**Q** 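Following this message is one structure expressed as structure tokens.
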Amino acid sequence: MLKSRLKTLFLAASVTLMAASLISFPQESFDASIRGLNMWWEIVFPSLLPFFIVSEMLIGFGVVRFIGVLLEPLMRPLFKVPGVGGFVWAMGMASGYPAGAKLTARLRQEKQLTKIEAERLVSFTNSSNPLFIFGAVSVGFFYNVQLGIILALAHYLGNISVGLIMRFYGKNEESQKETESKLSIRAAFAALHRTRIKDNRPIGKLLGDAVTSSIQTLLMIGGFIILFSVINKLLFHLHITAFLAKFIEIALGMLGMTEMLSMPFISGLFEITLGSQMTSQVQDATLMHQAIITSFILAFSGFSVQAQVASILAQTDIRFQPFFVARILHGFFAAFYAFILWKPVYVRFFEGGQPSNALPVMEYLSTEGGRLADAHNTLITVGPLITIVSLIMYVLILGNRILRKA
């Protein structure tokens, strides 16, 4: 009872403080909300919408079930999740957060995952996409495309490490016995056909549902991005960020890093884009230390993304706590990998800014990173147009359904 009352008091005080801060800093709040809106408008919406729509279509047509049967012999022994987890993992890496959480929740609603399997899966399939790592962070903030290779390797190796650890999660709560599965194309096609027959929606209805569901999710994501952009700015003006940074300075000093990285680190805990940008602007830090801090920020994914995931998971019985613990683990793993890979990868192959010909794959990765950066710049240009067209389409579909019901 006391715990519940204290929680009520804390929540009421927090919201009241935020309301008072909005009144005290109206211009700063407005600028922060515009910054969050631009990020959603130009990048997040147009980059995630196609993946969300296609994913919904693939689930409806049974393709995900087909992929799940094929990947069962791989995903089950490694991560103790069904084969459909391979699809979620791939789409999560390609499109970025919170796609992994949305697809996991969707598959849980379809009963293709148990509760424990869903909690395992969401813990390592929610990651940043290469377009953001290379385009926004490496080139946009650090002006160094080769740095993106270190950040990407640390990020995705950290994700795999989290998945391998989370396979032991919930062993005591599992009631189902594992059965050995073998690769079977015939069984995969049979599963695809059964799923398509079970979901007997016409193609037009399926496409309309995919568009409306995806845009509703993206509208929610946009609201969280704007909200946390404002919260981050208010915490800075209330000197709460500076207060928290004092504790981080002690830890950074023990690790031999400059104390100037403490403010970017705290900002990155709330919003990854601002934290990464501030980290790149710290003149006193070495590039390796900047890479380590940025790797942690990208892996932790920020309270903004975590709030988006919590909202998505709240539509199911999937618990948020395992996901939060996994983000902390991912942060430390990514920072560790950035540290141990720095000399053997970055210093050896990219010292001086040019990839070494000693290992062709490094030159290839550097070239592909540059292409991703160009794609990111193109997305910023055409992104608003894609957003406008998609929102008009959403309004037309929604209006048509309302008129039909009337």
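Remember, predicted model here, so these are calculated numbers, not experimental data.
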**Q** Does the side chain of Tyr346 reach to within under 4.5 Å of the side chain of Leu341, using non-hydrogen atoms?
**A** no
**Q** OG/Ser214 to CG/Leu219 distance, rounded to the nearest 0.5 angstrom?
**A** 11.0 Å
**Q** Is the backbone N or O of Ile43 less than 3.5 Å from a side-chain atom of Ser47, with the two atoms forming a donor-acceptor pair by type?
**A** yes
**Q** With a 3.5 Å distance limit and no angle check, can you tell me whether Arg120 reaches the backbone of Tyr169 through a side-chain donor-acceptor pair?
**A** yes
**Q** Is there a side-chain contact between Gln281 and Phe141, using heavy atoms and a 4.5 Å cut-off?
**A** no
**Q** State whether the side chain of His330 and the backbone N or O of His155 hold a donor-acceptor pair below 3.5 Å, judged by distance alone.
**A** yes
**Q** Could you walk me through whether Leu391 and Phe45 satisfy the side-chain contact (heavy atoms from CB on, under 4.5 Å) test, starting with their C-alpha distance in whole Å, then the side-chain angles of each, then the deciding distance to 0.1 Å, before giving a yes or no?
**A** CA-CA 10 Å; Leu391 290 175; Phe45 189 100; 4.2 Å; yes
**Q** Please examine the side chains of Ile67 and Val84, heavy atoms only from C-beta on, and report whether any two atoms are closer than 4.5 Å.
**A** no
**Q** With no hydrogens and no angle check, is any side-chain donor or acceptor of His237 less than 3.5 Å from a backbone partner on Glu28?
**A** no
**Q** Evaluate whether atom CG of Leu11 has more than 12 neighbouring non-hydrogen atoms of other residues, nucleotides or ligands under 6.0 angstrom away.
**A** yes
**Q** Tell me if a side-chain donor or acceptor on Arg167 pairs with a main-chain N or O of Leu78 at a distance below 3.5 Å.
**A** yes
**Q** Can you tell me how far CG of Leu37 sits from CH2 of Trp40, rounded to the nearest 0.5 angstrom?
**A** 7.0 Å
**Q** Is the side chain of Ser295 donor-acceptor paired with the backbone N or O of Ala335 at a distance under 3.5 Å, no angle test?
**A** no
**Q** Can you tell me how far the CG atom of Leu235 sits from the NZ atom of Lys233, to the nearest 0.5 Å?
**A** 11.5 Å
**Q** Look at the side chain of Arg327 and the backbone N and O of Ala299, then say whether any donor-acceptor pair between them is shorter than 3.5 Å.
**A** yes
**Q** Decide yes or no for Ile297 and Leu269: does some side-chain heavy atom of the first lie under 4.5 Å from some side-chain heavy atom of the second?
**A** no
**Q** Hey, are the side chains of Phe132 and Ile272 touching, using non-hydrogen atoms and a 4.5 Å cut-off?
**A** yes
**Q** Between atom CG of Leu49 and atom OG of Ser390, what is the distance when rounded to the nearest 0.5 Å?
**A** 4.5 Å
**Q** Between Phe320 and Ile312, does a side-chain contact (heavy atoms from CB on, under 4.5 Å) hold up when you go through it step by step?
**A** CA-CA 10 Å; Phe320 175 74; Ile312 293 172; over 6 Å; no
**Q** Minimum heavy-atom separation for Ile59 and Thr195, please, with both atom names.
**A** O-CG2, 4.0 Å
**Q** Which heavy-atom pair separates Thr125 from Val122 by the least distance, and what is that distance?
**A** OG1-CA, 3.7 Å
**Q** Apply the test ring-ring contact (aromatic ring centres under 6.0 Å, His included) to residues Phe228 and Phe270: give CA-CA distance (whole Å), side-chain angles for both, the deciding distance (0.1 Å), then the verdict.
**A** CA-CA 7 Å; Phe228 275 86; Phe270 286 89; 7.2 Å; no
**Q** Main chain of Leu298, side chain of Ser128: is a donor-acceptor contact present, judged purely on distance under 3.5 Å?
**A** no
**Q** Where do Ser29 and Val230 come nearest, in terms of heavy atoms and distance?
**A** O-CG2, 3.6 Å
**Q** For the pair Leu151 and Leu147, evaluate side-chain contact (heavy atoms from CB on, under 4.5 Å) and give the outcome as yes or no after the intermediate values.
**A** CA-CA 6 Å; Leu151 296 178; Leu147 182 63; 4.2 Å; yes
**Q** Determine whether more than 12 heavy atoms belonging to other residues, nucleotides or ligands lie under 6.0 Å from atom CE of Met260.
**A** no
**Q** Could you walk me through whether Arg35 and Asp31 pass salt bridge (Lys or Arg N to Asp or Glu O under 4.0 Å), step by step?
**A** CA-CA 6 Å; Arg35 177 184 172 277; Asp31 293 340; over 6 Å; no
**Q** Given the rule in the side-chain contact (heavy atoms from CB on, under 4.5 Å) test, do Phe303 and Glu271 qualify, once you have shown the distances and angles that lead to the verdict?
**A** CA-CA 7 Å; Phe303 294 130; Glu271 209 278 304; over 6 Å; no
**Q** Can you give me the closest heavy-atom contact between Ala99 and Asn126, atom names plus distance?
**A** N-OD1, 4.1 Å
**Q** Counting heavy atoms not belonging to Phe224, are there more than 12 under 6.0 Å from its CZ?
**A** yes
**Q** Got a sec: does the CZ of Phe332 have more than 12 other heavy atoms crowding it under 6.0 Å?
**A** no
**Q** Parallel, tilted or perpendicular: which fits the ring planes of Phe333 and Tyr337, with parallel below 30° and perpendicular above 60°?
**A** parallel
**Q** Can you pull the salt bridge (charged side-chain N to carboxylate O under 4.0 Å, His left out) pairs that have at least one residue in residues 41-65, sequence neighbours excluded?
**A** Glu56-Lys102, Glu56-Arg106
**Q** Is a donor on one side and an acceptor on the other found under 3.5 Å between the side chain of Ser276 and the backbone of Thr273?
**A** no
**Q** Got a sec: does the NE2 of His193 have more than 12 other heavy atoms crowding it under 6.0 Å?
**A** no
**Q** Can you tell me how far apart CG (Leu274) and CD1 (Ile266) are? Round to the nearest 0.5 Å.
**A** 12.5 Å
**Q** Applying salt bridge (Lys or Arg N to Asp or Glu O under 4.0 Å), run through Glu119 and Arg319 and close with a yes or a no.
**A** CA-CA 7 Å; Glu119 289 170 354; Arg319 290 170 292 194; 2.8 Å; yes
**Q** Report yes if the side chains of Pro82 and Phe87 come closer than 4.5 Å at any heavy-atom pair, otherwise no.
**A** no
**Q** Do Thr387 and Pro46 come within less than 4.5 Å of each other through their side chains, counting heavy atoms only?
**A** yes
**Q** Parallel, tilted or perpendicular, judged at 30° and 60°: which one describes the rings of Phe296 and Phe265?
**A** tilted
**Q** Please indicate whether Lys246 has more than 12 foreign heavy atoms, meaning atoms of other residues, nucleotides or ligands, lying under 6.0 Å from its NZ.
**A** no
**Q** Can you give me the closest heavy-atom contact between Ala338 and Ala291, atom names plus distance?
**A** CB-O, 4.2 Å
**Q** What is the ring orientation for Phe300 with Phe324, classed by angle as parallel under 30°, tilted 30 to 60°, or perpendicular over 60°?
**A** perpendicular
**Q** Under a 4.0 Å threshold between the charged nitrogen and the carboxylate oxygen, would Lys198 count as salt-bridged to Glu110?
**A** no
**Q** Indicate the atoms forming the closest heavy-atom contact of Ala245 with Ser262, along with that distance.
**A** O-CB, 3.5 Å
**Q** Who passes ring-ring contact (aromatic ring centres under 6.0 Å, His included) against Phe61, sequence neighbours left out?
**A** none
**Q** Just how far is it from atom CG of Leu252 to atom CG of Leu255, taken to the nearest 0.5 Å?
**A** 6.5 Å
**Q** When you compare the side chain of Met75 with that of Glu117, does any pair of heavy atoms fall below 4.5 Å?
**A** no
**Q** I'd like to know if the side chain of Ser213 reaches the main chain of Ala210, judged simply by a donor and an acceptor atom lying under 3.5 Å from each other, with no hydrogens or angles considered.
**A** no
**Q** In terms of the angle between their ring planes, are Phe79 and Trp89 parallel, tilted or perpendicular, with boundaries placed at 30° and 60°?
**A** perpendicular
